[in-house]
Amino acid sequence: MPALILVASGHDGVVAPRSGFALSDVALFVMAAAGVWLVRRALRKRFRKD
């Protein structure tokens with residue numbers, strides 16, 4: 001039964017060693033940083049006292 005679940009999930013159960021950051025990790029960080037920058041810019045513009 002467990003072998004059937006592994007085959008159905010598409011994973012062989014062997015974890016590859018990490019060799020560094022994956023491209024998806026870098027992309028996620030960049031998108032999060034851009035989101036924070038955009039929100040801060042929008043809030044500064046909204047609450048500016050001109």
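We're numbering straight along the sequence, starting at 1.
The environment of CZ in R40 is sparse: at most 12 heavy-atom neighbours from other residues, nucleotides or ligands sit within 6.0 Å.
Clustering of Ile, Leu, Val, Met, Phe, Trp and Tyr side chains at separations under 4.5 Å places V39 together with L43, F47.
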Can you give the donor-acceptor pairs under 3.5 Å from side chains of residues 14-32 to other protein atoms, not counting sequence neighbours?
from, atom 1, to, atom 2, distance (Å)
R18, NH2, G20, O, 3.4
R18, NH2, D25, OD2, 3.3
D25, OD2, A22, N, 3.2

